[in-house]
Amino acid sequence: MTLRSRPALAGVVAVAAAVSVATGTAFGGSSGSSVMGTGPNSSPVSTIGSPGVGDPLFPLSGNGGYDVRHYGLILEYDPKTRRLDGRADITARATQPLTRFDLDLKGLTVKGVTVNQAKAAFHRDGQELVITPDRPLRKGENFRVAITYAGIPKPLTFGPVRLGWTTTDDGAFVFSQPHGAMTWFPVNDHPKDKASYDFAITVPKGSTAVANGVLGGQKTVHGRTTFRWHQQEPMASYLATVAVGKFKVQQYTTPGGLKVYNAVDPREAAAWPALKKLPSVLDWASRLFGPYPFKSAGAIVVHSNAFGGLTALETQGRPVYPSSLSPRLMVHESAHQWFGNSVSLTTWKDIWLNEGFATYVEWLYDEQHGGESAQKTFDRLYATPADNPLWKDPVAAPPRPKDLFASGVYKRGAMTLHKLRTTVGDDTFFRILRSWVSSHRGGNATTAQFIRLAECLSHKDLGPLFHTWINTQGKPPQP
Ligand code: ARG
Ligand code: ZN
């Protein structure tokens, strides 16, 4: 799904347009081997979707040549055998003529593929599921791909964590950031291609299957229960989630009309007091950054120490906490709903737009709830010695995939926002954040767009500030 950004200011319109043209060249333009030549050395006229969208850190993530509108995932999971049976119904639009295109899928067995209901040829090549429709697709054509598949999903290894579909003692959960979605469904696995999702998940009676969005219904037939979930607002694939377990479920609608669905493993009952605060945290954030971007909210708390119990993921509308849940962590994952989920990055190098922002929201929360001021937090961190890894890599350009979640991305990223705030003043700072959220709602954005927006609204040249804080290595000198 491609959403045009909706800039708040005329001045920003030009900037946003310029940036998206530039991105178009870097990604779309170079995408794939659209060989249309007729010279002696060129292959016959063929148009093949590229195996990646051109992300510098993950060259094979996502694919070129089409834009997914919607994923319909019909899944059946058996916690005993750990087998997943799936059917993915994908609606997409061709952005170039296509004789062949890829989806990403790692592991599992593909049983059959159709394109527009006609049987299509396919083969596997690493993480690429290469599909050849029985007739070429025209540029601009809407098409449907249906893939039936099955197997025991295996998570990927990504530094200390496992990515993708991960089993627990009585079920499974998903933790995909950045590229684990392909372990459980065929997908254009890059945040650039956001889409809406429907899930129908069948599990043994007595288990609950949770996903993103609003619960559409649940029905038990012959000892198996099917849960239907609907995620209407565009979602990046790494934020798609399913959790299966013997959860205790709490459902309610807030006075503001938000549908809350919490699923908590009974062994993690310590999470409930923090969860009670979710509506007030979301209200607080809505006052600062604009309306909560989705129709549903909640949390999934699983019993697993797959991640040393330390981390959580901001899966859309309903973060997954693979450990007990602290209010501070809930503030962080809630902040991502605005920063990262509604407004998504365009390449993974821009991860500070997610993590630096969510970290700064934690500081703001503390400051406004009787804790340390953001200035104090900044000062405390600034006292970190110059040889600390905090200062190592440029925040806006983590050099390797494993640097995506380095402390600098979170903390120095947040310090950058604090610098911005003290430079432009509180009024302008919060106007910048609100404008950022409203103009890119449901879409993607870049660091360059953020800087231009901040400059437009503050009437200041912020180039040097951002350069020092996000583009350079080493501890920034005291001004
Ligand atoms: N985005 C998560 C957070 O809110 C961090 C995930 C860290 N690890 C990972 N491999 N994705 O902090
Ligand atoms: Zn985060």
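Whatever order the structure lists them in is the order used to number ligands and atoms, beginning at 1.
- Residue contact check: Val161 has heavy atoms under 4.0 Å from atoms 10 (N) of ligand 1.
- Residue, atom and distance of the protein heavy atom nearest to atom 9 (C) of ligand 1 are Phe405 CE1, 3.5 Å.
- Residue-level check: among N/O/S atoms of Glu355, OE1 sits closest to the Zn ion (ligand 2).
- Lys106 has no carboxylate O lying under 4.0 Å from a charged side-chain N of Asp104, or vice versa, which leaves the two without a salt bridge.
- Within ligand 1, the atoms closer than 4.0 Å to a non-hydrogen atom of Glu314 are 1 (N), 2 (C), 3 (C), 4 (O), numbered from 1 in the order shown.
- For His369 and Trp284, the distance between ring centers is under 6.0 angstrom.
- Note that Lys475 lies in the cation-pi zone of Tyr382, set by a 6.0 Å cut-off to the ring centre and a 45° limit from the axis.
- The pair Arg267-Asp169 counts as a salt bridge, with a side-chain nitrogen and a carboxylate oxygen less than 4.0 angstrom apart.
- The contact set between ligand 1 and Gln177, taken as ligand atoms under 4.0 Å from a residue heavy atom, comprises 1 (N), 2 (C), 5 (C), 6 (C), 9 (C), 10 (N), 11 (N).
- Ring centroid separation for the pair Trp338 and Tyr292 comes in under the 6.0 Å cut-off.
- Residue Glu333 places at least one N or O, backbone or side chain, under 3.5 Å from an N or O of ligand 1.
- Of all the atoms in ligand 1, the ones that sit under 4.0 Å from a non-hydrogen atom of Phe175 are 6 (C), 9 (C), 11 (N).
- Atoms of ligand 1 found under 4.0 Å from any heavy atom of Tyr410, numbered from 1 in the order shown, are 2 (C), 3 (C), 5 (C), 12 (O).
- Taking the six-membered ring where tryptophan is involved, the planes of Tyr360 and Phe429 are perpendicular, since the angle between them exceeds 60° and thus also 30°.
- Of all the heavy atoms of Ala312, the ones lying under 4.0 Å from any atom of ligand 1 belong exclusively to the backbone.
- Ligand-side atoms of ligand 1 in range of Phe158: 10 (N), range being under 4.0 angstrom from any heavy atom.
- Under 3.5 Å, the side chains of Trp352 and Thr447 contain a donor-acceptor pair of N or O atoms.
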